[in-house]
Every structure is written in C-alpha cells, then in structure tokens.
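Both ligands and their constituent atoms are indexed starting at 1 by order of listing. Quantities reported herein were computed from a predicted structural model and do not represent experimental measurements. Side-chain atoms are counted along with the backbone in the values below, which use heavy atoms only and exclude waters and symmetry mates. Index from 1, following the sequence.
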Amino acid sequence: MSDAYGKLLERMKDLGRLDAIEALLDWDQQVNMPPGGVEGRAEQLSLIAGLAHEWKTSDEVGQLLSEAKSDNGEFAATTNIREMARTFDRASRIPTELVKKIAHTTALAQNAWQTARAESDFAKFAPWLTQLLDLKRQEAEHIGYETEAYDALMDAFEPGAKSADVEALFKSLRDATVPLVKAIAEAPNPPDSSILTRHYSPSTQQTLSRAVAELLNFDFNQGRTDVSVHPFCTTIVPSSDVRLTSRYEENFLPAGMFGTMHEVGHGLYEQGLLKEHMFTPMGSAVSLGIHESQSRMWENMVGRSRAFWDFYYGHVQKTFPDVLGSVALDDFYRAVNTVSPSLIRVEADEVTYNLHIVLRFELEREMLSGRLAVKDVPTAWNEKMRDMIGIVPPDDARGCLQDVHWSMGAFGYFPTYALGNLYAAQFFEQASKDIADLPQRIAANDHAPLLGWLRENIHQHGQRYRAGELVEKITGKPLSIAPFVTYTKEKFSKVYQLA
Ligand code: ZN
C-alpha cells in the first residue's frame with residue numbers, strides 16, 4: 001500500500017464516520033425527536049453537511065488522489081480510488097454554502113411537508129418545493145450535465161444512469177404492464193382483499209414483524225427495529241449497526257408485514273457488506289437501484305410467494321385467530337397478491353407499482369426543467385393518475401403530498417425504485433437457476449441459500465462493479481424488463497386464473 005493511498009483511506013473512513021453521525025441525527029429526528037427539536041436539528045445537520053463537504057473536497061484529498069491514482073494497487077484500492085475520485089470530482093463542483101443551504105432547507109421542508117400532508121394542504125408545502133427546486137437546479141448547474149439537469153441529480157443515486165435510457169426502459173415497461181393490469185381487472189374471480197383490512201392489533205403486528213425479520217436472518221445483534229411515520233432503513237455503522245423502521249396500521253396488515261420484509265431486505269444488504277472495508281466504497285452499496293433490488297426481492301419474490309406462505313401462514317393464522325381463523329391459505333395468498341389501482345405508492349401491488357414511479361419520474365423532469373410550475377403540480381399529478389392508473393386522489397395527502405422525497409430535495413431518486421424491481425427480477429431469475437430447489441428451500445423456512453447467493457454475488461463486492469456491470473456479470477445480460485415481465489405474467493396469471 002502506498003503512503004498516499006494509506007492516507008487517503010484514513011480520510012475516506014473519517015468521512016464515512018461523519019456521514020454515520022449525520023445518519024444517526026437523521027434517524028433520531030424520524031424516530032425519537034420531539035417536534036420542538038427541528039430548528040436545532042436543522043442547524044446540526046447543516047453544520048455536519050458543510051464539514052463533510054469541506055473534508056470531501058479538501059486540497060489534501062485532491063493531492064492524495066492524484067498521487068494514489070498512479071498506484072497499481074489490487075482491486076480494492078482501484079475501486080476505492082475510483083469512487084473517491086468520483087465523489088471528490090462531483091462534490092468539488094458544488095460550493096459549500098449551497099450544500100449547507102440545501103441541508104438546512106431540507107430539514108425544515110420535511111417538517112413543513114409533514115404538516116402539509118397531515119392537513120392535506122399543498123399550499124403549505126408549495127413555497128418549500130419551489131425553494132428546493134431552485135437550490136437543486138443550482139446544484140445540477142454546478143455539477144454539469146450533457147443533455148438535462150435531471151441527469152446530474154439522478155447520478156447521485158444511480159451512478160451513470162441517464163434520463164433518456166430510463167425513459168425508454170420505462171416506456172416499454174408501461175407498455176407491457178397496461179395489458180396485464182387490464183386482463184387482471186377483467187378476471188371473473190378476484191381475491192377477497194377485505195380479509196387484510198380487518199382489525200389487526202398493532203402491538204401484535206409488531207411482535208410478528210420481529211419474528212419475520214429473524215426468520216429472514218436479519219441479525220439483531222447488529223441491528224434494531226423501531227416505529228416511524230415512513231418506514232426506512234439506515235446504517236449507522238456498515239455491517240454492525242443497521243436500523244430499520246416499520247409502521248403498523250390497525251386495519252391493514254400488509255403495511256407492517258411487507259414493509260418489514262422490505263426494510264429487512266435493505267438491512268441484509270447493509271449487514272452483508274464486508275467489515276474489513278467499512279466506511280470505504282468497497283464496503284458500500286452499489287447504488288439505490290441495487291439496494292432496492294434487495295428489498296423488493298425479499299418483500300415480493302420471497303415474501304409474497306406461495307412457497308413462503310405454505311410454511312408461514314399457519315403461524316400468522318394462530319397469531320390472529322379471530323380474524324384469520326377461518327381464512328384458507330389459498331385465499332390469504334391470493335389476498336396479499338391483489339392487483340388493483342391504488343393511490344399510495346408504498347402500498348401498491350407489484351404490477352401497478354412501477355406506474356407510480358413513471359408518474360413521478362415524468363413530473364420531476366417537468367418540474368426541474370420549469371415546464372411544470374409548482375402551483376400546477378396537484379392538477380398534473382391527478383391527471384397522470386387518471387391516465388396511467390385509472391383513479392384520481394380525493395385529496396393531495398393521498399396524491400402529490402404522499403411521499404417524503406421532494407421535501408428532502410431528493411429529485412432523481414424515484415426512478416431507482418422501478419429500476420430496483422427490474423434488477424430484482426433479473427437477479428432472482430438467475431438465483432432460481434443457480435439454486436435448483438429454491439422454492440422448496442423457501443417453503444422449508446431455509447432462507448440461507450438465497451442469502452448466501454446474494455452475499456456471494458452482490459453484497460461482498462461493495463462498489464467494485466457499477467450497477468450495469470454487476471447485472472451483466474451475474475446474469476450474463478444487460479438490464480432488461482424481460483425477467484420482470486415474465487415473472488409478473490406467470491405469477492399473476494396463476495393468482496387471477498387468467499387463460
Ligand atoms: Zn426500499
């Protein structure tokens with residue numbers, strides 16, 4: 001190891017530690033902090049964001065990078081230097097003042113968004129949205145881009161992704177989804193999903209969720225679960241301190257149950273990163289799309305599979321004997337796989353989910369380019385909902401105010417959710433070839449083979465491969481919609497008894 005690389009590695013790790021402190025403050029804000037703490041927390045987060053930015057872009061780091069670059073190291077060093085250079089280059093273009101302003105504004109905007117959503121009053125959030133769009137446009141201009149500002153922002157979440165490619169992928173996905181949604185809507189014998197909206201005690205749900213997390217091998221020695229308004233997974237120390245949250249709805253079992261499986265999927269990825277590379281790119285997730293592929297795989301391909309419920313339904317039935325005692329396994333399995341147009345993205349079924357993403361992707365690009373004025377967002381949202389999903393939200397709380405992302409200034413984040421679904425299907429198709437008896441293993445409550453496969457093929461590599469490279473390396477093909485389309489067609493043709 002060269003002297004320069006050794007020093008660079010130490011800077012990288014300190015930066016990782018600083019990011020972890022920021023993550024802890026953010027976790028606390030969402031899980032524990034009283035409302036009165038928001039101003040002080042905004043100042044703390046802004047201070048840390050400014051500090052991290054200064055460290056990231058210091059002359060010393062620049063100097064070390066240019067010295068370490070000529071180093072012919074092994075792949076860990078090559079990966080770390082490549083990614084550190086990428087971070088340095090991107091961050092150096094953004095003035096520290098702007099970084100601090102964005103951190104401060106987003107902490108306050110999240111608070112304003114919560115109020116606006118609770119009161120379903122878009123006007124209370126609109127000025128913040130305008131401000132954040134303006135700040136993020138400035139950021140994109142500083143970073144630079146080839147064709148559109150959106151690319152510069154999306155690159156933070158999905159390195160290398162381009163709007164034009166995502167647009168083409170989403171178009172073919174939408175074209176493939178619409179006929180399936182139509183066929184399902186016309187199926188004569190739909191599942192009875194009302195069994196899921198009976199009364200389920202939140203505290204019992206919480207106990208059950210912990211059991212599910214343990215079942216799927218989430219390690220509580222290196223993680224914990226809590227309750228928050230919006231479920232999320234955050235990492236305080238990679239591989240060793242991974243935190244999940246869920247929310248439990250009294251009259252909707254899937255929110256807590258599948259929400260937990262989803263966050264567990266994220267958590268397993270974070271717990272699977274190698275300790276020896278902690279706080280460096282080699283010990284970090286590839287991209288948000290790849291991260292989401294892990295959560296969606298455990299939530300849907302495992303958690304909503306017939307094999308999983310063959311094993312687990314008896315236990316859930318015993319946990320809620322009054323509500324599920326007389327419900328047959330087949331009816332429960334079909335109910336948790338109900339496909340129907342819905343208002344809320346996080347509760348959408350596997351088939352219509354991506355349409356919610358396409359809608360947000362289109363709106364964000366229009367907002368960022370200025371083609372869509374902030375005041376017109378609710379109307380535009382409702383029109384797209386009607387055109388794409390076939391229903392119109394009765395209020396903005398269940399429409400354009402439902403998601404936290406815009407209040408976080410996270411424009412360009414949404415596409416990673418649909419990309420995650422596509423990655424998940426392509427990975428799962430390959431895992432099903434590599435693990436010959438995968439459904440039988442799942443039905444036998446043995447999740448180790450799939451987790452082992454993910455650890456070996458994805459988790460252990462950190463950022464060694466970019467998302468596109470990783471997909472090709474594992475499956476032999478570039479990312480495509482085909483595995484997802486095949487998976488949904490096969491699964492839902494059975495669930496809905498389609499010809
Ligand atoms: Zn997720």
Side-chain angles (χ1 to χ4, degrees), residues 23 26-27 30-31 110 154 156-159 161 166 173 209 212-213 216-218 223-236 238 242-249 254-273 284-304 342 344-361 364 402-408 410-428 450-451 454 458-459 467 470-471 479 484:
D26 185 57
W27 173 84
Q30 299 194 51
V31 175
Q110 282 181 64
M154 189 163 59
F157 308 113
E158 200 65 20
V166 172
L173 184 57
S209 277
V212 168
L216 298 179
N217 296 311
F218 182 75
R224 55 177 286 135
T225 59
D226 293 274
V227 176
S228 72
V229 181
H230 256 247
F232 66 98
C233 166
T234 194
T235 296
I236 311 302
V242 179
R243 306 193 183 187
L244 317 178
T245 67
S246 293
R247 65 165 169 207
Y248 304 98
E249 292 181 22
M257 167 78 67
F258 296 104
T260 299
M261 292 182 193
H262 180 99
E263 299 309 332
V264 162
H266 284 303
L268 290 173
Y269 189 5
E270 290 291 319
Q271 289 183 337
L273 296 167
S284 306
V286 180
S287 71
L288 288 193
I290 298 295
H291 226 305
E292 192 68 4
S293 76
Q294 305 302 288
S295 58
R296 296 296 274 178
M297 192 184 294
W298 289 104
E299 174 194 0
N300 292 327
M301 282 142 199
V302 177
R304 288 184 211 261
S342 60
I344 307 295
R345 174 186 63 85
V346 295
E347 289 166 5
D349 59 80
E350 285 181 82
V351 182
T352 60
Y353 184 96
N354 294 317
L355 300 176
H356 291 263
I357 300 307
V358 176
L359 175 152
R360 287 156 177 75
F361 171 65
E364 284 189 339
Q402 67 181 268
D403 284 308
V404 68
H405 306 65
W406 293 343
S407 72
M408 294 159 59
F411 305 100
Y413 187 125
F414 280 120
T416 68
Y417 289 122
L419 291 173
N421 286 330
L422 301 180
Y423 289 133
Q426 197 156 331
F427 289 147
F428 196 70
L450 180 60
L451 183 57
L454 294 170
I458 299 172
H459 303 175
L470 187 69
V471 175
L479 178 66
F484 180 81

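- In this structure, the side chains of Arg345 and Leu359 stay at 4.5 Å or more apart for every pair of heavy atoms.
- Glu292 contributes atom OE1 as its closest N/O/S atom to the Zn ion (ligand 1).
- Note on His262: counted as a metal contact of the Zn ion (ligand 1), an N/O/S atom lying under 2.8 Å.
- None of the N, O or S atoms belonging to His291 lies under 2.8 Å away from the Zn ion (ligand 1).
- The aromatic rings of Trp406 and Phe414 sit perpendicular, their planes meeting at an angle over 60°, well past the 30° parallel limit.
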Check your understanding: Stepwise, does the ring-ring contact (aromatic ring centres under 6.0 Å, His included) test hold for Phe157 with His405?
Key -> CA-CA 12 Å; Phe157 308 113; His405 306 65; 9.0 Å; no
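- Side-chain atoms of Glu158 do not come within 3.5 Å of backbone N or O of Ser287 as any donor-acceptor pair.
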